[in-house]
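Here's the structure, in structure tokens; my notes come after.
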Amino acid sequence: MKNRVCEILGCRFPIIQGGLAYVGNGRLAAAVSAGGGFGQVGSGGRSPEDLEAQIRIALAATDAGFGVNVPLSEHRDVSPYFEVIERMVRQHPGRIRAVSLSAGNPRPWIPVVRGWGLAVMTLASTPEQAQKAEAAGADIVICEGTEAGGHNGPAELTTFSLIPNVVDAVRIPVVAAGGIADGRTAAAAICLGAEGVQMGTRFVATEECQAHPNYKNLLVASRAQDTVVMERSFGRITRVLRSPFAEAVLRQEAETPGSEAHLLPMISGRMNARAALEGDVEGGWMNAGQSVGLVHDIVPAADVVRRVAAEAARILQQRSAQWQAWTDESIRSTDEGTHNPPSR
Ligand SMILES: Cc1cc2nc3c(=O)[nH]c(=O)nc-3n(C[C@H](O)[C@H](O)[C@H](O)COP(=O)(O)O)c2cc1C
């Protein structure tokens with residue numbers, strides 16, 4: 001029995017590394033793909049030239065296929081990014097397998113990317129968005145619950161609620177994202193009907209990720225409750241690590257909600273880069289999801305892929321046997337109508 005996500009992306013495990021603004025580098029994407037997952041070079045926080053450089057690094061580091069993430073509304077002019085991807089696809093046929101489109105309307109770009117022979121993955125945070133993406137020709141829909149690190153949908157559905165609703169609403173394969181960082185959480189997503197998982201926070205704490213060691217160490221030290229949501233006063237949901245800087249942003253948002261003059265300098269990508277790349281974790285903000293509570297070490301990205309794949313397989317088998325043992329007898333007696341206490 002084939003897994004549709006693996007078939008579409010050409011990977012061994014349906015485990016995807018999400019687009020990671022500023023820190024989704026070519027070396028990380030290559031390491032994830034070489035390990036059997038599906039790595040993606042992130043264009044968020046990069047110039048088109050830097051995106052090209054990172055794609056070239058990934059091409060040189062592995063023979064495996066990988067993807068590119070384009071957070072559409074994060075770029076003032078998105079066309080140069082697609083020009084880079086098209087050029088790389090033509091120069092290195094078969095190596096870039098998919099583009100994931102997030103943070104904006106993917107519809108105009110789906111036929112363009114498919115026209116290059118690539119698969120399209122779109123991000124969705126409600127069943128309706130997933131249906132629209134399917135109707136527009138997306139090959140895979142990645143459903144991201146509000147536990148996830150980075151920008152999330154305004155409906156703030158949790159992964160646990162979102163996935164089964166989307167699975168009921170579309171026919172294309174559903175990939176679950178948000179809150180997944182180990183075999184248990186991946187197995188849970190599979191039980192909800194997802195055919196694959198995408199992780200972001202877990203992949204930041206890997207050896208190949210270009211995030212500053214201070215950021216990675218902070219992820220390891222943080223608990224599940226150590227994230228906060230910024231930018232709510234702008235109508236956006238951005239989940240970041242709790243830090244003195246993030247707390248200052250929240251205080252400022254409470255005082256001057258939605259004020260561009262006060263808040264834009266604080267929530268800018270520059271302040272993300274200061275912490276995430278330069279290591280000033282007190283002087284900037286860092287994306288992270290609630291899955292951070294499950295991040296306990298900094299390891300090679302391929303180890304994350306292997307661990308999650310093996311642990312999920314073991315857990316799915318174990319739990320299914322356990323559940324049957326716990327419930328078989330009760331289900332039989334319920335079916336036979338013998339579960340009711342005798343009437344007096
Ligand atoms: C550091 C970081 C940066 C992110 N940047 C992007 C991005 O540029 N584009 C995007 O589509 N998603 C982005 N995300 C979301 C991830 O791709 C992924 O869907 C999410 O992290 C999944 O939830 P998790 O953090 O619980 O693993 C980012 C997440 C993190 C943690």
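Note that ligands are numbered from 1 as they come in the structure, with each ligand's atoms numbered from 1 the same way.
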Considering distance alone, does some N or O of S291 sit under 3.5 Å from an N or O of ligand 1? yes

G178 heavy atoms within 4.0 Å reach ligand 1 at atoms 22 (C), 23 (O), 26 (O)

Does any N or O atom in N69 lie less than 3.5 angstrom from one in ligand 1, N or O only? yes

Salt bridge present between E329 and R332 (N-O < 4.0 angstrom): yes

Proximal atoms of ligand 1 relative to Q198 (non-hydrogen, under 4.0 Å): 17 (O), 18 (C), 19 (O)

For G179, counting its heavy atoms only, list the atoms of ligand 1 lying under 4.0 Å from any of them. 26 (O)

Checking the N or O distance criterion of under 3.5 Å, is ligand 1 in contact with G18? no

Locate the shortest heavy-atom distance separating S102 from L123; write the atom from each residue and the value. CB-CG, 3.7 Å

Less than 4.0 Å between a side-chain N and a carboxylate O, is that true for E195 and K2? no

I'd like to know if R56 pairs up with E52 as an ion pair, taking the criterion as any Lys NZ or Arg NE/NH1/NH2 lying under 4.0 Å from an Asp or Glu carboxylate oxygen. yes

Looking at E86 and R90, is there a salt bridge between them, counting it only when a charged N and a carboxylate O are closer than 4.0 Å? yes

Can you tell me if M199 contacts ligand 1 (heavy atom of the residue under 4.0 Å from the ligand)? yes

Heavy-atom distances under 4.0 Å are what count here, so tell me which part of T201 touches ligand 1: side chain, backbone, both or neither. both

Counting from 1, what ligand 1 atoms have a heavy atom of Y215 closer than 4.0 Å? 1 (C)

protein heavy-atom neighbour closest to atom 27 (O) of ligand 1 works out as G200 N, 2.8 Å

Give the residue, atom name and distance (to 0.1 Å) of the protein heavy atom nearest atom 18 (C) of ligand 1. E144 OE2, 3.4 Å

Measuring from T185:OG1 to F160:CZ, what's the distance to the nearest 0.5 Å? 12.0 Å

Any heavy atom of F203 under 4.0 Å from ligand 1? The part involved is neither

Is any N or O atom of L123, backbone or side chain, closer than 3.5 Å to an N or O atom of ligand 1? no

Numbered in order shown, the ligand 1 atoms found under 4.0 Å of a heavy atom of S102 are 9 (N), 10 (C), 11 (O)

Is any side-chain heavy atom of M121 less than 4.5 Å from a side-chain heavy atom of I16? yes

With the threshold set at 4.0 Å, does a side-chain nitrogen-carboxylate oxygen contact exist between R239 and E144? no

Pairing donors with acceptors under 3.5 angstrom, does anything connect the side chains of T256 and Q252? yes

Can you name the atoms of ligand 1, numbered from 1 with element, that are less than 4.0 Å from a heavy atom of G19? 4 (C), 5 (N), 6 (C), 7 (C), 9 (N), 10 (C), 12 (N), 13 (C), 14 (N), 15 (C), 16 (C), 17 (O), 28 (C)

Need the ligand 1 atom indices (1-based, order shown) with element for anything under 4.0 Å from a heavy-atom of A148. 20 (C), 22 (C), 23 (O), 26 (O)

Salt-bridge present (D297, K216; N to O < 4.0 Å): no

For atom 2 (C) of ligand 1, the protein heavy atom that lies nearest, with its residue and separation: N287 CB, 3.5 Å

Nitrogen or oxygen of G149 less than 3.5 angstrom from that of ligand 1: yes

For residues S125 and Q129, is any side-chain donor paired with an opposing acceptor at under 3.5 Å? yes

Where on A21 is there a heavy atom closer than 4.0 Å to ligand 1, on the side chain, on the backbone, on both, or on neither? both

In terms of the angle between their ring planes, are H75 and Y81 parallel, tilted or perpendicular, with boundaries placed at 30° and 60°? parallel

